Participant: 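Supplied in structure tokens, the structure appears directly below.
All chains are named by letter (A, B, ...) in the order of the sequence lines, taking the proteins before the strands, and each is independently numbered beginning at 1. Everything numeric here is computed off the predicted structure, so don't read it as measured data.
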Amino acid sequence: MTSAEKDLYPIGTVEKKTGLSARQIRYYESMGLVNPVRTNGGQRRYTENDVLRLIRIKQMRDSGFDLKSIKEKIQVFEQKLEEISLPSVNPAQVKLSSLYPVSNRAVLMKLLEKK
DNA sequence: TTTCTGACA
DNA sequence: TGTCAGAA
């Protein structure tokens with residue numbers, strides 16, 4: 001199986017997949033909660049990971065968290081991703097299994113499709 | 001037709 | 001957040 005994770009969705013599809021309105025999706029982006037890429041025409045294109053991230057945001061929102069808390073949560077998450085991505089870090093020094101329930105870094109990176 | 005930005009209720 | 005306008 002080749003690379004089966006290059007799908008990009010327009011905001012309309014994301015609305016259906018997440019249950020959020022385009023208004024909310026764009027607003028969350030302005031708050032730094034998601035970073036979709038843009039087409040030449042300026043339209044937003046979301047990856048599967050952006051969709052999953054938006055679903056998590058929606059769940060947290062429904063759980064009573066304000067956007068500020070959610071934003072902080074995401075920033076901490078991104079920060080941890082950087083840590084485990086640093087080639088200078090020895091796997092033995094990072095208790096990956098205690099941070100995320102994945103068997104290895106490749107799986108995690110694929111799940112989050114980060115550089 | 002769909003999406004974009006800005007703006008107003 | 002919803003929704004309208006005007007443009008792409």
Side-chain angles (χ1 to χ4, degrees):
Chain A
M1 50 192 111
T2 51
S3 57
E5 288 197 22
K6 278 303 177 181
D7 313 331
L8 294 178
Y9 317 101
I11 200 166
T13 300
V14 180
E15 284 189 279
K16 296 174 183 175
K17 295 175 76 75
T18 66
L20 291 167
S21 65
R23 180 76 171 74
Q24 292 176 301
I25 296 171
R26 297 190 187 107
Y27 179 58
Y28 294 165
E29 180 187 346
S30 73
M31 298 304 283
L33 273 43
V34 285
N35 48 306
V37 296
R38 297 282 185 141
T39 63
N40 298 307
Q43 297 196 338
R44 277 165 264 245
R45 284 294 124 86
Y46 301 81
T47 62
E48 189 61 51
N49 291 306
D50 289 324
V51 173
L52 294 176
R53 191 206 291 268
L54 285 167
I55 289 176
R56 284 187 246 129
I57 292 171
K58 183 191 179 187
Q59 299 179 320
M60 287 186 79
R61 210 217 54 156
D62 290 339
S63 296
F65 290 91
D66 50 46
L67 290 183
K68 182 173 179 295
S69 299
I70 298 175
K71 181 177 182 179
E72 293 176 1
K73 191 274 185 182
I74 288 179
Q75 296 187 318
V76 172
F77 188 67
E78 298 289 296
Q79 189 252 314
K80 289 186 179 301
L81 275 183
E82 283 186 50
E83 289 179 21
I84 64 175
S85 298
L86 293 178
S88 60
V89 177
N90 299 310
Q93 300 180 306
V94 182
K95 296 176 181 177
L96 187 59
S97 61
S98 66
L99 291 175
Y100 305 104
V102 293
S103 57
N104 58 57
R105 184 181 302 173
V107 173
L108 178 60
M109 297 315 283
K110 189 157 189 174
L111 283 173
L112 296 153
E113 192 201 89
K114 206 61 185 179
K115 34 186 178 315

Participant: From the set dT3(B), dC4(B), dC8(B), return the single nucleotide nearest to any side-chain atom of P10(A).
Facilitator: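 Looking only at heavy atoms from C-beta outward on P10(A), the closest nucleotide is dT3(B).
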
Participant: Answer yes or no: does a side-chain N or O of R23(A) lie under 4.0 Å from OP1 or OP2 of dT3(C)?
Facilitator: no

Participant: Nearest-Å distance, CD1 (I11(A)) to P (dT3(B))?
Facilitator: 7 Å

Participant: Mind calculating the distance between CZ (R45(A)) and C1' (dT3(B)) to the nearest angstrom?
Facilitator: 9 Å

Participant: Expressed in angstrom and rounded to an integer, what is the separation of N40(A) atom CG from dC4(B) atom P?
Facilitator: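 In whole Å, dC4(B) P lies 14 Å from N40(A) CG.
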
Participant: Spell out, as yes or no, whether a donor-acceptor pair under 3.5 Å connects the side chain of T18(A) to the backbone of V14(A).
Facilitator: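 Indeed, once roles are kept as given, a pair shorter than 3.5 Å links the two residues.
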
Participant: L20(A) or G41(A): which one's nearest nucleotide on DNA chain C is closer to the 5' end?
Facilitator: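 The 5'-side residue here is L20(A).
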
Participant: Just checking R38(A): base, sugar-phosphate only, or nothing, at a heavy-atom cut-off of under 4.0 Å?
Facilitator: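 It contacts sugar-phosphate atoms only.
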
Participant: Whole-Å distance between dC8(B) C1' and Y27(A) OH?
Facilitator: 16 Å

Participant: When you check the side-chain N and O atoms of R61(A) and Q59(A), is any donor under 3.5 Å from an acceptor?
Facilitator: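 Side-chain D/A pair, R61(A) to Q59(A): absent.
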
Participant: Students often get this wrong, so: under 4.0 angstrom with heavy atoms, is G12(A) touching a base, only sugar-phosphate, or nothing?
Facilitator: sugar-phosphate

Participant: Indicate yes or no: at least one non-hydrogen side-chain atom of L67(A) is less than 4.5 angstrom from one of K71(A).
Facilitator: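 A side-chain contact under 4.5 Å is absent here.
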
Participant: Can R53(A) and E48(A) be counted as an ion pair, charged N to O under 4.0 angstrom?
Facilitator: no

Participant: Can you tell me how far C1' of dT1(B) sits from CD of Q43(A), to the nearest Å?
Facilitator: 11 Å

Participant: Round to the nearest Å and state the distance from E15(A) atom CD to dT2(B) atom P.
Facilitator: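 E15(A) atom CD is separated from dT2(B) atom P by 11 Å.
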
Participant: Over how many whole Å does the gap from K16(A) atom NZ to dT3(B) atom P extend?
Facilitator: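 In whole Å, dT3(B) P lies 8 Å from K16(A) NZ.
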
Participant: What integer distance in Å separates Y28(A):OH from dG2(C):C1'?
Facilitator: 13 Å

